[in-house]
Amino acid sequence: MVQTEILETGDIADRLGGHAPSAWLSRCDSPFANALEGALSGLQFAVKDNLDVQGLPTTAACPAFAYAATAHAAVVHKLLKAGASLLGKTNLDQFACGLNGTRSPFGAVPNAFDPAYVSGGSSSGSAYVVATGQVDFALGTDTAGSGRVPAGLNNIVGIKPSKGLISSRGLVPAAQSVDCVSIFARTVGTAARVLEAAMGYDALDPYSRDLVLARTAFPARFRFGVPSELVFFGDAAAEVAFQQAMQRLVEMGGTPVSIDYAPLAAAAALLYDSALVAERYAAVRGFFDAHADQVMEPVRSILAAGQGYSAADVFDAQARLRAYGQQAAAMWAGRSAIDLLLVPTAPTHYTIAQMQADPVVLNRNLGAYTNFVNLLDYAAISVPSSIRPDGLPFGITLIGPCGSDWQLAELGQRYHHASGMLQGAVDLPLPAPQSIPGLQPQAVARVAVVGAHLSGMPLNSQLTERQATLLASTLTAPDYQLFALPGTVPPKPGLLRVAPGLGRQIVVEVWEMPLAHYGSFVALIPAPLGIGTLALADGSTVQGFICEPQALQGATDISHFGGWRAYMASGSHAG
């Protein structure tokens, strides 16, 4: 049995070193673990207090509801078995009903960067203890964005896995059919390690699924959807930060595609504005019917709204949801299909005072880009993007179809590192990227181009159409001559290796493309050009364009230009 201490919010500030006493609800006397070694050995974690931990009370942030857990939730058991050690349980919006972190009788959890602002919810405490470095990772839950909004507002990573990928057995549900156990960490690499240890089919969970996840990364040239209508509720800093995020994805190889956001927004609205809200009431019906007065507002009103719907109303809402899902599915299919969807994790920040003065409208605003994800069976990851001029974090969410979890993690990690952000609120640099579990390394080919295939040149599209990416602009070894070939359309050069001392260094670009596309690229190369082995200035070799010597009769030696681009810019070819 875990030795525990139940923390009262009024007397634990000293115990926690001044860190938001409202973030923790109960603590183990010492870190609890049941395995000395494992994939997560050395990592410490916390658990949102709607998940059972044997020996700790489960309150769901409602003291009257509290019960003594007699067994670990399935996911907690798996993480302990993998070697992680548990420190305690964290605060939340009551019954996981909210996205802001102020709906708890144990106190509002502040933002890790400015205590005047909300932390986001409902997994508020879990996000806070990760962002402030008190644990390595934490479990949250996510029905409508609770595993993403707190991540975005606190500069940490939040993985919202595909539904059913992690068992929800031992979870006090918010809406059981769309609940997910979520993962918070300061890096994608850590969150992905936790996901690998936590996932797996559970026959005792009625919504668990034996999912097959995509095992190859998104292509180097990918298409990301952007909502046709973006709202930031007057927050200019958030709007600028999102435009910067879009540009960063473009620089990483992405092409933005405007998508119709209307069906996604309509699906999101069903979560609270239709009979689907009855599932929230059903989750705690026995307790609520007997003790509604023990539930705080506005949670009480939200749950009570679920009492007024009939079974027929629920079927009608489900049919409307499926219709919106069918409309939204168009963005993943056809010639204009996107690989993933990009949205702001949260469109703005609110102070705790603002949220408490207008708790329903402002809470809904925070979920502008989150509520539809579980309803439409998508996977998502929230990653840090920037720190705004006012010092508050801005995060983005990458969304993909069910089963795209590893793909999203791989791209999310690359994005996080490209941002240059520090970890959470602890001001530590990001560690080296980690390999993403479950992804097969993609076979690639490297090729050096010297002429019409260079960036911006007429045949460069033959590379980009094959999802090739530019690795470097560099020089050959000083053993080459470059010739302008006569009569070629578009104009092309020929590169010839010569005896040491007779040549020059020539500018080339080294590109990388999926091996599956390399054959079709080589097939486009006309004689007398071909592919051979080039020696580079650093002593390495790479496959690249070469020319047959007999084809150089009548060709002009342009080696003194040092490269094809300089020759073309000189205008000499026009003469």
Side-chain angles (χ1 to χ4, degrees), residues 219-221 253 255 441-575:
R221 294 289 178 179
T255 299
Q442 187 176 30
V444 295
R446 292 185 177 184
V447 60
V449 298
V450 69
H453 289 90
L454 294 168
S455 302
M457 292 294 178
L459 299 183
N460 183 252
S461 61
Q462 293 182 357
L463 289 167
T464 58
E465 288 169 353
R466 288 162 177 78
Q467 300 169 4
T469 55
L470 177 63
L471 296 181
S473 178
T474 186
L475 297 170
T476 67
D479 304 327
Y480 291 88
Q481 291 179 340
L482 189 67
F483 296 84
L485 300 177
T488 53
V489 180
K492 300 181 184 69
L495 186 68
L496 180 69
R497 188 163 192 173
V498 296
L502 299 180
R504 293 174 177 266
Q505 290 184 312
I506 303 299
V507 173
V508 295
E509 289 181 351
V510 180
W511 288 71
E512 185 176 80
M513 74 174 67
L515 187 60
H517 301 320
Y518 188 61
S520 67
F521 174 71
V522 172
L524 296 174
I525 301 172
L529 301 177
I531 294 291
T533 301
L534 299 186
L536 299 181
D538 63 3
S540 64
T541 59
V542 66
Q543 296 295 294
F545 278 77
I546 58 172
C547 185
E548 299 174 5
Q550 64 269 25
L552 300 177
Q553 295 181 6
T556 304
D557 187 344
I558 59 170
S559 305
H560 58 284
F561 285 99
W564 183 248
R565 196 184 303 277
Y567 168 71
M568 294 295 287
S570 73
S572 300
H573 65 288

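Below, all heavy atoms of this structure are taken into account, side chains as well, without hydrogens, waters or symmetry copies.
M457 and G451 make their closest contact through CG-O, 3.6 Å (heavy atoms, listed as atom of the first residue, atom of the second, distance). In this structure, I531 and V447 approach most closely via the heavy-atom pair CD1-CG2, 4.0 Å. The two residues L552 and C547 make their nearest non-hydrogen contact at CD2-SG, 3.8 Å. In terms of heavy atoms, P500 sits closest to D479 at CA-OD1, 3.8 Å. In plain terms, the two heavy atoms of P493 and W564 that are nearest each other are CB-CE3, 3.3 Å. Residues D557 and L482 come closest through the heavy atom pair OD1-O, 3.3 Å.
Under the ring-ring contact (aromatic ring centres under 6.0 Å, His included) criterion, F561 pairs with Y567, not counting sequence neighbours. Scored by the ring-ring contact (aromatic ring centres under 6.0 Å, His included) test, F483 finds no partners at all (sequence neighbours excluded).
To the nearest 0.5 Å, atoms CD (Q481) and CG (L495) are separated by 9.5 Å. Note that the OG1 atom of T469 and the CH2 atom of W511 stand 7.5 Å from one another [nearest 0.5 Å]. From S570, atom OG reaches atom NE2 of H560 across 7.5 Å, with rounding to the nearest 0.5 Å. To the nearest 0.5 Å, the span separating CD on Q553 from CG on L485 amounts to 12.5 Å. Rounding to the nearest 0.5 angstrom, the gap separating the NZ atom in K492 from the NE2 atom in H453 is 8.0 Å. In this structure, R466 CZ and L515 CG are separated by 13.5 Å, a value rounded to the nearest 0.5 Å.
In this structure, the side chain of Y480 does not engage the main chain of S559 through any donor-acceptor pair within 3.5 Å.
Looking at L475 and V507, their side chains come closer than 4.5 Å, going by heavy atoms from C-beta outward. Contact check for T474 versus D538: no side-chain heavy atoms found under the 4.5 Å cut-off.
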